[in-house]
Amino acid sequence: PAARGTQGVLRADMDRLGQIFGRWLGKDRSRGRFATLSRMIDAFFSAAAPDLLAQDFPDLALIQGGGDALTVVGACDGVLRFAQRLKEAFRAHTGDNPHLGLSAAIEIARRPDALTAALRRAARRVDAAKAAGRDRIAFLAPAPLDWPAWRAALAAAARLDALLAAGRVSRGLLVATYDVAQLRRRAEGDGRGGALALAAAAWRARWA
């Protein structure tokens, strides 16, 4: 719901490019292999992905495509659908090679004059997705998610949106649940040895 009626920016980059051209080619680092690999990577971002965009997402605009990256702008709901199809197309293009990943980020531009800022944020959050383990996507959530978890989160959001629209869940309950969830995270720490917030330990009583 937060993305409805807004403009979205998608930035996607291929992962581990330096390793692919370096260590993974082994000792056979001939010009021919470099050229073939370069053409294969560029073919996805300059041909396959733009073709998918033109055929199935004509309302979205390609800002940059080629090399090892892609940037798309358009209605946020369309950008979300395109991101899912883009990952599927990348897997098909690379033969579902587990060593080849795609990191991406989607940012919302709530005003037309905020588009440039959204482009910059998307580029930064792609870097965050790579730092978090690669082959992930950053969108709204504080931490990037791997692609299956992101698709599951989108499906859950759609179900929640339907419940809200049907009046089966109130927005007040949604906000209260979110607040309690935030308290729980603070009380339980970040899972990496961070300090616990004892003042947030009352989350169970609030939830009850």
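Predicted, not measured: the structure shown is a model, and the values here were computed from it.
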Would a 4.5 Å heavy-atom cut-off, applied to side chains only, mark Leu53 and Leu86 as touching?
no
Once you round to the nearest 0.5 Å, how far does CD1 of Ile41 lie from OG of Ser46?
11.5 Å
Should the pair Phe90 and Phe44 be assigned to parallel (<30°), tilted (30 to 60°) or perpendicular (>60°) ring geometry?
perpendicular
Any side-chain donor-acceptor pair under 3.5 Å between Arg136 and Ser103?
no
If you measure from CH2 on Trp147 to CD on Glu88, what distance do you get to the nearest 0.5 Å?
10.0 Å
4.5 Å side-chain heavy-atom contact, Gln64 and Arg11:
yes
Remaining members of Val180's ILVMFWY cluster at a side-chain heavy-atom cut-off under 4.5 Å?
Leu183, Trp203, Trp207
Check this for me: does any side-chain nitrogen of one of Lys87 and Asp135 sit under 4.0 Å from a carboxylate oxygen of the other?
yes
Check against side chain to side chain contact (heavy atoms under 4.5 Å, CB included), Val9 and Val79:
CA-CA 7 Å; Val9 174; Val79 170; over 6 Å; no
How many angstroms lie between atom CZ of Arg184 and atom CG of Asp179, to the nearest 0.5 angstrom?
15.0 Å
Output for pair (His93 NE2, Leu52 CG), nearest 0.5 Å, gives 13.0 Å
Value for CG (Asp13) from OG1 (Thr71), rounded to nearest 0.5 Å, stands at 7.5 Å
Value for CG (Asp161) from CG (Leu174), rounded to nearest 0.5 Å, stands at 10.0 Å
Once side-chain hydrogen bond (donor to acceptor under 3.5 Å, both in side chains) is applied, do any residues pair with Asn97, and if so which ones, sequence neighbours excluded?
none
Under 4.5 Å between side-chain heavy atoms, hopping through other hydrophobics if needed: is there a path connecting Leu173 to Leu160?
yes
Can a side-chain donor-acceptor contact be found between Gln84 and Arg81 if the only test is distance below 3.5 angstrom?
no
Give a yes or no on whether the backbone of Ile108 and the side-chain of Arg121 come within a donor-acceptor separation of less than 3.5 Å.
yes
Are any non-hydrogen side-chain atoms of Lys130 and Val126 less than 4.5 angstrom apart?
yes
Counting neighbours of CZ on Arg151 that are heavy atoms of other residues, nucleotides or ligands and sit closer than 6.0 Å, is the number greater than 12?
yes
